[in-house]
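Below is one structure, written out as structure tokens, with a few remarks after it.
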Amino acid sequence: MTALPRSSAPRAAAELPDSEYEDLLGQWADLEAFAATLMGRPAHVQGFVPKVYQCEYWLDDLVAHDSDAALYLMFQLAATSTAGYSAAHALVCAALCHVLAHELLLPEAERISLVCAAFTMNIGMTQLQDELALQHEPLSAMQQQAVNEHPQVSRAMLQHLGVDDALWLDAVAAHHVPVGQPPPLASMSPSGRLARILATVDRYAAMISPRKSRTGRSITDSARAILGAPASAQDEVGLTLTRAVGLCPPGTFVRLENGEIGAVLRRGLQAQSPLVASVIDARGSALAAPRLYHAGRGAPRIQSALARSAVSLELNHRVMVRLGLFAAQRSTSLKG
């Protein structure tokens, strides 16, 4: 596997005209497959470190073009399959870390280290993580030990593979270390700050992702679990994460006050007014064509968030992303 220069990745999303917007779904899938190859067989990858940086560059391009479309595709892909769980989890964590880094105004060097750490934090248990996602039984004692030890194992593997970025390595090694009552991020060392961000994102992403032993939670339940933990009562990372992606971010399902079920396509300038595409009517039948609502703006308000497992309908993601883009280009009340 030869090094992949940045320019040879599928065309950056920022360069895509609107008519080719549907290619974003393919690019996200390609990025996930690329990351899966790196994390699944790192010892067989020539130029491992440059390729992880390539993943970061590629992700940066995809999110920078349209963060709402990125969130939609990310949450939909993460919630619909347990195949390749480790790679999907890594991509979700990396994307959320990318968004958080900008919200928290982290220096570029810290952002790059954080995103690379998110891609690789579980490299010491990639195969086990995929197995656990398909396992109904509780962890065995040996499996639990491997889970407990994987941050240090991952750090050692990354050093062996040529990673010499101390922030990247330290964040991976400490992403499961309890922090107690969290101090302000600004008062922490860079490595401690990145580890804390990574730990919060790791827990959040794990909650929303389905496994054989349980279904994924709704995003709202996951956010409340993060924010409601006693040690996280004043957690600015969790608060910033919720503010950045919303309690009902793009890619999640909601039930509206009129009984319909819809998918959130884009965030609104007001948190309670995202753009929702209703896809199931109040009787439970799929609609022939989605109905677009600015929830709460003279339209039905969101009654509750739904876990992906509660919705059996399969969406055409290319159509949904295009609908969101079409609405955003004609509205001043949507982000982006």
Side-chain angles (χ1 to χ4, degrees), residues 25 28 67-83 85 88-89 91-92 95-96 99 133 201 203-228 238 241-268 270-297 299-321 323-324 327 334-335:
L25 178 60
W28 274 94
S67 59
D68 285 79
L71 289 170
Y72 172 87
L73 294 172
M74 181 187 71
F75 280 123
Q76 279 291 317
L77 294 174
T80 53
S81 175
T82 56
Y85 175 90
H89 179 76
L91 183 54
V92 169
L96 290 175
V99 171
V201 167
R203 294 198 311 275
Y204 178 83
M207 287 178 185
I208 67 171
S209 300
R211 304 179 191 177
K212 288 297 183 182
S213 59
R214 60 156 174 79
T215 57
R217 298 189 188 189
S218 75
I219 302 295
T220 306
D221 289 343
S222 299
R224 286 174 179 158
I226 293 292
L227 295 176
L241 175 62
T242 304
R243 185 178 67 245
V245 304
L247 279 175
C248 296
T252 61
F253 285 97
V254 294
R255 186 180 298 278
L256 300 173
E257 283 183 326
N258 63 1
E260 295 178 358
I261 292 175
V264 178
L265 299 185
R266 301 188 78 85
R267 295 166 293 174
Q270 296 180 332
Q272 68 272 26
S273 301
L275 179 71
V276 177
S278 181
V279 293
I280 297 176
D281 66 22
R283 296 171 297 177
S285 300
L287 293 170
R291 299 169 182 162
L292 292 180
Y293 298 117
H294 285 282
R297 294 176 59 88
R301 291 192 295 266
I302 292 175
Q303 184 181 77
S304 63
L306 297 175
R308 181 62 180 88
S309 57
V311 182
S312 59
L313 183 67
E314 295 299 323
L315 302 180
N316 184 323
H317 298 312
R318 290 177 172 82
V319 170
M320 302 302 276
V321 169
L323 276 174
L334 295 174
K335 289 190 176 182

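As a basis for the values below, the full set of heavy atoms in this structure was taken, side chains included, without hydrogen atoms, waters or symmetry mates.
- Between Ile280 and Phe253 the shortest side-chain heavy-atom distance does not fall below 4.5 Å.
- Considering every non-hydrogen atom in both Pro290 and Leu323, the closest pair reads CG-CD1, 3.9 Å.
- Atom-to-atom distance recorded for Arg255:CZ and Gln303:CD is 7.0 Å, nearest 0.5 angstrom.
- Nearest heavy atoms, Arg267 versus Val245: CD-O, 3.9 Å.
- Note that CG of Leu96 is 5.0 Å distant from CZ of Phe75, once rounded to the nearest 0.5 Å.
- Scanning both residues, Val264 and Cys248, for their nearest heavy atoms gives CG1-O, 3.5 Å.
- Nearest heavy-atom pair, Met320 versus Ala277, reported as atom, atom and distance to 0.1 Å: CE-CB, 3.6 Å.
- Note that OG of Ser285 is 11.0 Å distant from CD of Glu260, once rounded to the nearest 0.5 Å.
- Side-chain contact between Leu265 and Val276 is absent, with no heavy-atom pair separated by less than 4.5 Å.
- For the pair Ala205 and His89, the tightest heavy-atom approach, listed with the atom from each and the gap, is CB-CE1, 3.6 Å.
- Annotation: side chain of His294 is in contact with side chain of Leu275 (closest heavy-atom distance under 4.5 Å).
- The side-chain contact (heavy atoms from CB on, under 4.5 Å) with Asp281 is formed by just one residue from the set Leu287, Ile261, Asn258; it is Leu287.
- Distance alone, capped at 3.5 Å, is enough to place a donor-acceptor pair between the Gln76 side chain and the Gly251 backbone.
- Within the 4.5 Å cutoff, the side chain of Leu91 has no heavy atoms near those of the Met74 side chain.
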